[in-house]
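Small disclaimer: the values here were computed from a predicted structure and weren't measured.
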Amino acid sequence: MEVPVYGNYHGYYSKRPAINDPRLAILPKELFVGAKVLDVGCNEGWVTCEIAQRLGAHKVVGVDIDESLVNAAWRRRRAVWSSQGPDGQPDYFPASCEHEFGPLPVPPGGKDVFPHNITFRTADWIEEEIVEDKDGYDVVIAFSLSKWVHLNGGDEAVEKFFRRVHSVLRQGGTFILEPQAWETYAKAKRMSVKLKENAKKLKLQPDDFPEVLGNVGFAAPQRLGVVGDGGFRRPVDLYTKLEV
């Protein structure tokens, strides 16, 4: 198995299982109603699917650098759909039904309701545009991602990432960032020689991100809370794109 140097862990959500992700639980629900949302570093699509199914989003796009995780995200979409009740109730059927009888086929239907309001893309999003970027987003989410951008590309990559987010957000749009603590970089950088060498050159730390984002064009962050258990206990910050 390849070393997950991009944070592209397989089985990630088996380590932090939850039917409803606690990070989403602290976000203002009105952000998502009727919104177009981008989930960068979507992994196996658990958060992406929850936003699309439960939070009233018009369109949700998940993007990840790892094609195998994107394939798993499409399977997650079908699994979530298979557990949905006849009137759209989440988790109406137990997971054992899908395991015993197989997933339900996704029928044709409207674009604005789950599972038709969600799509997944494989891309190095900081370097590559995807077709959905064209019309912009109301919300961009980056959960458990900034450390991996930072270690793989250095300070310049973090700044480029933040500029990319700013460029695709509509005026007044929202950036939700879960920054990983500086202390966690020590373990991650041991994954490869590249990460170890890159870490030696870093001057920015996560505490510097609000200033960097301010220079890019975001208002001062609103800390929505600190959630999670053990090594997954992290802050969640909300940044608003300033009007020009």
Side-chain angles (χ1 to χ4, degrees), residues 20-43 45-65 70 73 76-77 80 88 90 109-146 149 158-179 209-210 212-225 227 235-244:
N20 299 327
D21 195 290
R23 296 168 295 183
L24 291 180
I26 65 171
L27 301 184
K29 300 300 182 288
E30 61 270 18
L31 289 179
F32 297 101
V33 177
K36 184 181 177 186
V37 182
L38 176 66
D39 181 13
V40 187
C42 67
N43 197 271
W46 285 49
V47 165
T48 330
C49 285
E50 184 175 343
I51 294 169
Q53 184 192 38
R54 299 172 184 264
L55 300 185
H58 169 74
K59 176 72 174 179
V60 187
V61 182
V63 62
D64 200 280
I65 199 170
V70 170
R76 175 66 182 169
R77 168 183 177 259
V80 172
K111 297 180 180 179
D112 301 338
V113 295
F114 186 80
H116 304 287
N117 63 341
I118 188 170
T119 194
F120 295 99
R121 302 287 183 190
T122 303
D124 179 356
W125 186 78
I126 299 174
E127 302 294 337
E128 306 171 50
E129 292 185 359
I130 58 176
V131 64
E132 289 81 8
D133 292 345
K134 181 179 179 182
D135 297 322
Y137 304 94
D138 301 294
V139 182
V140 174
I141 291 179
F143 283 159
S144 303
L145 180 66
S146 57
V149 173
V158 167
E159 294 171 358
K160 184 174 184 178
F161 173 49
F162 292 161
R163 289 195 299 271
R164 275 279 282 143
V165 171
H166 186 272
S167 71
V168 299
L169 274 175
R170 297 165 179 167
Q171 292 299 317
T174 301
F175 178 36
I176 305 296
L177 177 65
E178 178 195 24
F209 291 171
V212 176
L213 283 155
N215 292 335
V216 168
F218 287 94
Q222 176 186 355
R223 177 140 295 177
L224 299 176
V227 296
V236 177
D237 297 330
L238 183 155
Y239 292 84
T240 301
K241 180 175 178 176
L242 294 171
E243 301 286 347
V244 294

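- If you take CG on L27 and CD1 on I51, they are separated by 8.0 Å, rounding to the nearest 0.5 Å.
- The shortest side-chain heavy-atom distance between V168 and E129 does not fall under the 4.5 Å cut-off.
- Ring pair F218/Y239 is perpendicular by interplanar angle, where above 60° counts as perpendicular and below 30° as parallel.
- N117 places a side-chain N or O within donor-acceptor distance of the main-chain N or O of A57, the cut-off being under 3.5 Å.
- Between V227 and P22, the closest heavy-atom pair is CG1-O, 4.1 Å.
- Side chains of V70 and R121 form no contact here, defined as non-hydrogen atoms less than 4.5 Å apart.
- Annotation: the span from D237 atom CG to E178 atom CD amounts to 9.5 Å, rounded to 0.5 Å.
- Annotation for E50 and L24: closest pair CD-CD1, 3.6 Å, computed over non-hydrogen atoms.
- Residue K36 comes nearest to R170 through the heavy atom pair CD-NH2, 3.8 Å, listed as atom of the first residue, atom of the second, then distance.
- Partners of F209 under the ring-ring contact (aromatic ring centres under 6.0 Å, His included) rule, at least two apart in sequence or in another chain, are H150, F162.
- For the pair V139/I141, a side-chain contact is recorded, criterion being any heavy-atom separation below 4.5 Å from C-beta on.
- The heavy-atom pair separating R77 from F114 by the smallest distance is O-CZ, 3.7 Å.
- Counting heavy atoms from C-beta on, the side chains of P28 and L238 come closer than 4.5 Å.
- Scanning all heavy atoms of the two residues, the minimum distance from A142 to L145 falls at CB-CD2, 4.0 Å.
- Contact of the C49 side chain with the I118 side chain is registered, since non-hydrogen atoms from C-beta on lie closer than 4.5 Å.
- Interatomic distance, L38 CG to T48 OG1, rounded to the nearest 0.5 Å: 9.0 Å.
- Between atom CG of residue D138 and atom CG of residue L31 there is a gap of 9.5 Å, rounded to the nearest 0.5 Å.
- For the pair K134 (side chain) and I130 (backbone), a donor-acceptor distance under 3.5 Å is absent.
- The two residues G172 and T240 come nearest to each other via the heavy atoms O-CG2, 3.8 Å.
- Remark: C42 SG to I65 CD1 distance equals 12.0 Å, nearest 0.5 Å.
- F143 carries R23 over the face of its six-membered ring, with the cationic atom under 6.0 Å from the centre and within 45° of the normal.
- When atom types are taken as modelled, the side chain of R164 and the backbone of E128 share a donor-acceptor pair closer than 3.5 angstrom.
- Between K160 and E127, at least one side-chain nitrogen of the basic residue sits less than 4.0 Å from a carboxylate oxygen of the acidic one, meeting the salt-bridge criterion.
- Put simply, the side chain of D21 does not reach to within 4.5 Å of the side chain of W46, judged on heavy atoms.
- Between the NE2 atom in H166 and the CG atom in L213 there is a gap of 9.5 Å [rounded to 0.5 Å].
- The closest donor-acceptor contact from the side chain of R223 to the backbone of P235 lies at 3.5 Å or more, if one exists at all.
- Side-chain atoms of F32 and T174, non-hydrogen and from C-beta on, never get closer than 4.5 Å to each other.
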